[in-house]
Amino acid sequence: MPPQLQNGLNFSAKVVQGTLDSLPSAVREFVESSTTLCQPDHIHICDGSEEENQRLLECMEGEGVIKRLKKYDNCWLALTDPRDVARIESKTVIITHEQRDTVPIPKTGLSQLGRWMSEEDFEKAFSARFPGCMKGPLVNSWACNPELTLIAHVPDRREIISFGSGYGGNSLLGKKCFALRMASRLAKEEGWLAEHMLILGITNPEGEKKYFAAAFPSACGKTNLAMMNPTLPGWKVECVGDDIAWMKFDQQGNLRAINPENGFFGVAPGTSVKTNPNAIKTIQKNTIFTNVAETSDGGVYWEGIDEPLAPGVTLTSWKNKEWSPEDGEPCAHPNSRFCTPASQCPIIDPAWESPEGVPISGIIFGGRRPTGVPLVYEALNWQHGVFVGAAMRSEATAAAEHKGKVIMHDPFAMRPFFGYNFGKYLAHWLSMAQRPAAKLPKIFHVNWFRKDKEGRFLWPGFGENSRVLEWMFKRINGEDSAKLTPIGYIPAEDALNLKGLGSINVKELFHISKEFWEKEVEDIQKYLEEQVNADLPYEIEREVLALKQRISLM
Ligand code: TSX
Ligand code: MN
């Protein structure tokens with residue numbers, strides 16, 4: 001009898017590990033219908049054990065999909081198709097009945113706050129991709145198919161459907177797809193927050209500890225901050241997470257945060273003993289590297305690793321070619337990654353897996369702003385803080401057709417990750433102030449990247465950022481160490497601890513120019529009115545007008 005008749009089902013796939021009977025009925029039905037659709041040869045039901053992990057790694061090694069890095073213990077190198085190296089916003093969609101449930105309808109042009117697909121178009125896209133996509137050893141099937149890549153979310157059915165890409169942000173579905181896009185929708189429905197934020201704990205020399213959550217756009221060093229070694233004597237930082245925070249006000253009104261991830265999926269280039277010693281220690285074992293360069297002695301290498309190559313050691317680039325600096329191309333892809341267990345981080349917080357979460361005292365927004373934006377300012381109140389999040393911008397390398405750097409809007413560092421209409425998301429944040437017991441955290445904005453007229457950074461950054469966290473710490477404890485400005489509170493004269501730093505141009509670092517902020521508030525207003533349009537909460541429009549007014553009186 002053919003196997004499909006033996007099991008009464010319309011497929012002949014062999015179950016090579018586990019049994020279908022052991023699955024909850026909804027999961028079993030999903031596996032059976034997906035098998036009928038995709039036609040795989042084999043079904044492997046994961047048990048999550050370390051033995052299984054080793055068998056899968058060895059299986060992939062045997063097929064040449066990954067390579068063991070012999071310099072380290074249980075570290076692996078994966079080199080991808082050069083067309084499959086990053087998230088692709090144009091192929092990442094959310095399907096809802098109404099377009100406006102996914103994105104605000106912009107005044108003109110395309111929404112930059114997400115991409116909607118109609119139910120009919122998704123039905124067609126699905127049928128054009130999935131039938132038979134796991135059948136046999138075809139090239140360009142579901143696992144890597146750059147032409148047909150599609151990352152789809154159907155929040156009403158709680159479904160994520162990803163096709164054609166193996167890149168982490170497209171294929172580790174627990175991360176951006178679930179823990180941010182899907183979870184932000186669930187959070188809106190259920191009264192909590194799913195945010196693109198690191199979580200860190202900081203303890204002062206007296207032993208008092210506070211937790212912060214911080215949102216930064218890419219290229220601001222979020223992972224570096226999450227694992228920072230403070231330079232201030234007697235201070236200690238511990239890491240809860242480097243990318244995602246799920247936060248909820250508890251019965252006592254404290255905002256409690258968990259990191260829903262198990263590890264770090266961090267950008268490799270720029271990671272070094274100087275910029276992030278704790279990340280370097282974390283990735284020495286049990287780590288999968290993607291699209292980095294390999295040294296001839298079986299180690300990893302990338303731009304900014306800041307390690308000399310031992311004499312006679314050569315490099316193979318991420319494109320699997322002998323590499324030399326004269327090639328004019330980087331040895332590692334700029335978006336090459338390490339994927340490593342959080343438990344191995346030397347400063348992982350003792351409460352990092354605590355189910356009740358850690359209490360958040362401060363929320364930090366930030367951006368890479370070469371001009372105009374001071375090192376730190378504190379929002380005037382919750383509504384103003386929500387506006388500060390909405391107004392976030394950061395310097396980014398422009399798309400291919402442009403040249404150089406541009407200042408991009410990235411509200412809440414969530415622009416590619418909103419699971420629903422950003423206007424409704426703002427209303428949800430504002431609604432936190434209406435919760436009877438809520439002790440609202442203070443909100444801050446930081447900019448480690450302000451430059452002087454000669455183009456030199458005004459602030460040393462990295463571990464010295466502990467000085468900024470110390471000021472926030474004192475503000476949260478009610479210290480009167482701030483000066484009011486039109487954009488918010490900045491440290492009062494001598495309130496920012498600069499002991500032992502050498503010369504810092506504090507004046508320039510904190511200068512607030514009327515001319516700059518007149519232009520900045522115009523740009524923010526234009527962006528919010530064009531992009532959020534009819535869904536912009538009046539409280540946010542009011543913050544725009546109030547800021548304009550305060551600047552005009554400077
Ligand atoms: O991660 C960074 N942080 C946060 C660290 C906790 N970076 C790296 C950004 C790229 C991802 C920074 N770069 C930071 C920063 O605070 N600041 C800067 C800018 C800077 C770079 C170098 C120096 C000073 C400032 N100084 C010297 O190189 C000597
Ligand atoms: Mn991220």
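Everything quoted here is computed from the prediction, not taken from an experiment. Every number for a ligand or one of its atoms is a count from 1 in the order of the listing.
- Atoms of ligand 1 lying under 4.0 Å from any heavy atom of Asn465, numbered from 1 in the order shown and given with element: 4 (C), 5 (C), 6 (C), 15 (C), 16 (O).
- For atom 29 (C) of ligand 1, no protein heavy-atom neighbour is present inside the 4.0 Å cut-off.
- In this model, no donor atom of one side chain and acceptor atom of the other lie less than 3.5 Å apart for Ser336 and Asn291.
- Residue contacts with ligand 1: Arg368 is included, with a non-hydrogen atom under 4.0 Å away.
- Using a 4.0 Å cutoff on heavy atoms, Leu225 counts as a contact of ligand 1.
- Ion pairing between Arg369 and Glu395 fails under the 4.0 Å rule for side-chain N and carboxylate O.
- Taking backbone and side-chain atoms together, Lys176 has an N/O/S atom less than 2.8 Å away from the Mn ion (ligand 2).
- Between Tyr72 and Phe289, the ring planes lie tilted relative to each other; the angle falls in the 30° to 60° range.
- Of all protein heavy atoms, the one lying nearest to atom 1 (O) of ligand 1 is Asn224 ND2, 2.8 Å.
- Between Trp448, Phe457, Phe449, it is Phe457 that holds the heavy atom closest to atom 20 (C) of ligand 1.
- Classification of the Trp429-Phe365 ring pair by plane angle, with boundaries at 30° and 60°, yields tilted.
- Proximity of Trp459 to ligand 1, defined as any heavy-atom pair under 4.0 Å, is confined to the backbone N, CA, C and O atoms.
- No side-chain donor-acceptor contact under 3.5 Å links Asn170 and Ser162.
- A salt bridge links Glu520 to Arg393: at least one charged side-chain nitrogen sits closer than 4.0 Å to a carboxylate oxygen.
- Residue Gly461 approaches ligand 1 through these ligand atoms, each under 4.0 Å from one of its heavy atoms: 16 (O).
- Nearest protein heavy-atom neighbour of atom 11 (C) of ligand 1: Gly221 N, 3.6 Å.
- Of all N/O/S atoms in Asp243, OD1 sits nearest the Mn ion (ligand 2).
- Here CH2 of Trp318 is found 8.5 Å from CG of Leu79. Values are rounded to the nearest 0.5 Å.
- Between Lys176 and Asp243 there is a salt bridge, since a side-chain N of the basic residue sits under 4.0 Å from a carboxylate O of the acidic one.
- Inside a 4.0 Å radius of atom 7 (N) of ligand 1 there is at least one protein heavy atom.
- Of the N and O atoms on the side chains of Thr102 and Thr96, at least one donor lies less than 3.5 Å from an acceptor on the other residue.
- Taking the Mn ion (ligand 2) as reference, His196 places its N/O/S atom NE2 nearest.
- Protein heavy atoms are found less than 4.0 angstrom from atom 13 (N) of ligand 1.
- For Phe462, heavy-atom contacts with ligand 1 shorter than 4.0 Å involve the backbone as well as the side chain.
- Proximity of Pro460 to ligand 1 is established by a heavy-atom distance of less than 4.0 Å.
- The aromatic rings of Phe412 and Phe422 stand perpendicular to each other, their planes meeting at an angle above 60°, with 30° marking the opposite boundary.
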